[in-house]
2 protein chains.
Amino acid sequence: MVDKSVVELNLGLGKNNDNVVGGGHAHAGQSPRQRCPAPFLLKTYDLLEEGESEDITKIVSWNEEGTSFVVWSPAEFSEHTLPRYFKHNNFSSFIRQLNTYGFKKMSSKRWEFKHEKFQRGCRHMLGEITRKKCEPSVFPAYLKSSSEENATSSTEENNEQVLMEENKNLKKERLELQMQIDECKELEMKLLACLSQFMDTQQSKIRRLC
Amino acid sequence: MVDKSVVELNLGLGKNNDNVVGGGHAHAGQSPRQRCPAPFLLKTYDLLEEGESEDITKIVSWNEEGTSFVVWSPAEFSEHTLPRYFKHNNFSSFIRQLNTYGFKKMSSKRWEFKHEKFQRGCRHMLGEITRKKCEPSVFPAYLKSSSEENATSSTEENNEQVLMEENKNLKKERLELQMQIDECKELEMKLLACLSQFMDTQQSKIRRLC
DNA sequence: GGGAATATTCCC
DNA sequence: GGGAATATTCCC
């Protein structure tokens, strides 16, 4: 329904309705205050609201309690939903934005994302969600990095242990995922074979009956 | 002719051919050296080359000597030309980019822009055009780089670097594999649905015929 | 996940 | 024209 075509005619000093807000920019370092929510958040929220009336819910929807949302079909979502709201169709760019705004992935099994202030029926809370962005602090980069490195130096070996552990687990995971893919592919083949065989036999049955 | 539709199907970790270049990023503070030209420059150049064979020349073209270019019809240009090369159709965004790359407006009477290194037949010079961007850093570049080099000295840290590297790649792989699985699962569902629907219709056909 | 480069928008 | 915020891409 809501077909927001990405490219609208907008000549000259175009002003989209995206993030137009009267006052100044972010109140740096203030208490959680109502602001004009980032376009990304509004669009993502709207996209989920659209689901309430349509059957996009098969592609993306709130979880049951409305405390997080799930992309059920990344392929469909990327190809059809994203370009209606954003200037791209890359799932990874969408995820990049979610990370920027501090969403957390809830499950390794499905594309479920959560943010405290991003919940069904709470459009008014979106203004409290901010980009996490290391302010280009007063101190030059090299001071920061050196002090950070000093901190970790004592636990260097521990870190290595942890990384090796994680590495091992990731490789195991990879193997499992690849096996899952193999299984999927096999099942697909079987289904296709089944379908084609079934069509053959049914057709001949029908022919015999005619 | 060249119809680069803005949104191409590009699921997952999409890699556009935009600015993919082997090596590292900009050589900060080096002599004018050949680099991979910015996507913006390539697109703008190509758009003008396109004009050589079509009659876009009524909308946008090189000047007579090929030392600058003129947007003859901003309206047409914004509505039809821009979205074929960029993710927008705002003339002002185009101009913002021109300014970023140091183009100068040549006349107050028409939209003519010029850059020393942007001339007809000189695609090879585009790599010498750089963004002008005030570095946020108060400190000179050489301080930064030397301190960075100090950081990675012990073999311990090197090991850790390698492990972190591998770790990141593994996580990326995992993402890709998970997306593959999602697609597989989706296809399975569709095949199953197809099979079951087909069985239903065929059965009823047979029943009718008996 | 996130740093950093480039692109797009918004505003002065 | 350009500073600065947000968006998108690319890469680790």
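Every chain is numbered from 1 and lettered A, B, ... according to where its sequence line falls, protein lines coming before strand lines.
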Fill in: Distance test, side-chain N/O of B:K87 to OP1/OP2 of D:dT8, below 4.0 Å
no
Practice prompt. For A:Y101, answer base if it contacts any base atom (sugar-phosphate contacts may also be present), sugar-phosphate if it contacts only those atoms, and nothing otherwise; contact means non-hydrogen atoms under 4.0 Å.
Written response: sugar-phosphate
Worksheet entry | ring-ring contact (aromatic ring centres under 6.0 Å, His included) involving B:F40 - partner list, sequence neighbours excluded | B:F86, B:F94, B:Y101
Worksheet, complete the sentence: Judged by nearest nucleotide, the residue sitting upstream toward the 5' end of DNA chain C, B:F40 or A:N99, is A:N99
Worksheet item: Ignoring hydrogens and geometry, is there a side-chain-to-backbone donor-acceptor pair from B:R120 to B:E64 under 3.5 Å?
Response: yes
Fill in: Steps toward side chain to side chain donor-acceptor pair (under 3.5 Å) verdict (A:N63, A:T67)
CA-CA 6 Å; A:N63 71 353; A:T67 56; 3.0 Å; yes
Discussion item. Other residues, nucleotides and ligands only: do more than 12 of their heavy atoms fall within 6.0 Å of CD on A:E188?
Written reply: yes
Worksheet item: Using the ring of each side chain (for Trp, its six-membered ring), is B:W62 parallel, tilted or perpendicular to B:F118, with breaks at 30° and 60°?
Response: tilted
Worksheet item: Could you state the CD1-P distance from B:I129 to C:dT6, rounded to the nearest angstrom?
Response: 13 Å
Worksheet item: Do B:F69 and B:F103 have side chains that get closer than 4.5 Å, going by heavy atoms?
Response: yes
Worksheet item: Could you state the CD-P distance from B:Q97 to D:dG1, rounded to the nearest angstrom?
Response: 15 Å
Worksheet entry | Angle between terminal axes - the helix from C:dG1-D:dC12 to C:dC12-D:dG1, 5 pairs each end, rounded to 10° | 0°
Worksheet entry | Whole-Å distance separating the OH atom of B:Y85 from the P atom of C:dT8 | 14 Å
Worksheet item: Is the shortest side-chain N/O distance from A:N90 to OP1 or OP2 of D:dT8 below 4.0 Å?
Response: no
Item to complete: For the residue pair B:F91 and B:W111, categorise the inter-ring angle as parallel (less than 30°), tilted (30 to 60°) or perpendicular (more than 60°).
Response: perpendicular
Worksheet entry | Heavy-atom donor-acceptor pair, B:R96 side-chain to D:dG2 base, under 3.5 Å | yes
Practice prompt. Could you state the atom-to-atom distance from CG of B:L98 to P of C:dA7 in whole Å?
Written response: 12 Å
Worksheet item: According to a strict under-4.0 Å criterion, is B:K105 in side-chain N/O contact with OP1 or OP2 of D:dG1?
Response: no
Worksheet entry | Gap between atoms NZ and P, on B:K43 and C:dT6 respectively (whole Å) | 13 Å
